[in-house]
Amino acid sequence: MMVKKSFAVKNMMCAMCVAHVTKAIQGLEGVKDVNVNLASNSALIEYDSSKITPTQIREAVVAAGYDMDTTPLSAASDNSEDEKKKSKGFLGKLFGQ
């Protein structure tokens with residue numbers, strides 16, 4: 001079953017850290033998509049829960065030299081387009097557009 005969840009990632013300091021964490025997660029069987037964010041110290045991961053667990057993902061992140069909580073930050077939307085629209089609407093209001 002495909003799920004999309006956001007997890008806290010620890011010990012990232014720069015863009016290279018983001019690249020290392022992204023590469024560690026992307027290479028895992030069962031991971032469809034990953035978006036690592038330095039500003040929020042998080043990783044939004046879409047994965048097949050019948051093939052891989054958050055604990056297995058964490059092990060790859062730890063092996064790359066970082067850490068990740070296995071408890072999701074919150075339930076992520078299954079439709080990232082909706083999230084983009086919400087974000088654009090908020091920014092438009094914020095900047096008077």
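FYI, the numbering just counts along the sequence from 1. All values below were derived from every heavy atom in this structure, side-chain atoms included, with hydrogens, water molecules and symmetry-related copies excluded.
Going from atom CG of Leu73 over to atom CZ of Phe7 covers 8.5 Å, rounded to the nearest 0.5 Å. In this structure, CG in Leu44 is found 7.5 Å from CG in Asp33, a value given to the nearest 0.5 Å. Atom NZ of Lys10 is separated from atom OG of Ser42 by 13.5 Å, given to the nearest 0.5 angstrom. In this structure, OG on Ser6 lies 8.5 Å from CG on Asn37, to the nearest 0.5 angstrom.
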Do any side-chain atoms of residues 20-30 form donor-acceptor pairs under 3.5 angstrom with protein atoms, and if so which ones, sequence neighbours left out?
residue : atom : partner : partner atom : Å
His20   : ND1  : Met16   : O            : 3.1
His20   : ND1  : Tyr66   : OH           : 3.3
Thr22   : OG1  : Val18   : O            : 2.8

Counting only pairs under 3.5 Å, give me each side-chain donor-acceptor contact of residues 55-64, with atom names and distances, residues two or more places apart or in other chains.
residue : atom : partner : partner atom : Å
Gln56   : OE1  : Thr53   : N            : 2.8
Gln56   : OE1  : Thr53   : OG1          : 3.4
Arg58   : NE   : Asp67   : OD1          : 3.1
Arg58   : NE   : Met68   : O            : 3.1
Arg58   : NH2  : Asp67   : OD1          : 3.0

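Both Val34 and Met1 belong to a single network of hydrophobic side chains, linked directly or stepwise wherever heavy atoms of I, L, V, M, F, W or Y lie under 4.5 Å apart.
Under the 3.5 Å distance criterion, with hydrogens and angles disregarded, no donor-acceptor pair is assigned to the side chains of Thr71 and Asp69.
Met12 places a side-chain heavy atom less than 4.5 Å from the side chain of Val36.
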**Request:** Just do the side-chain contact (heavy atoms from CB on, under 4.5 Å) check on Lys5 and Tyr47 with the steps written out, would you?
**Result:** CA-CA 8 Å; Lys5 296 184 179 178; Tyr47 62 97; 3.8 Å; yes
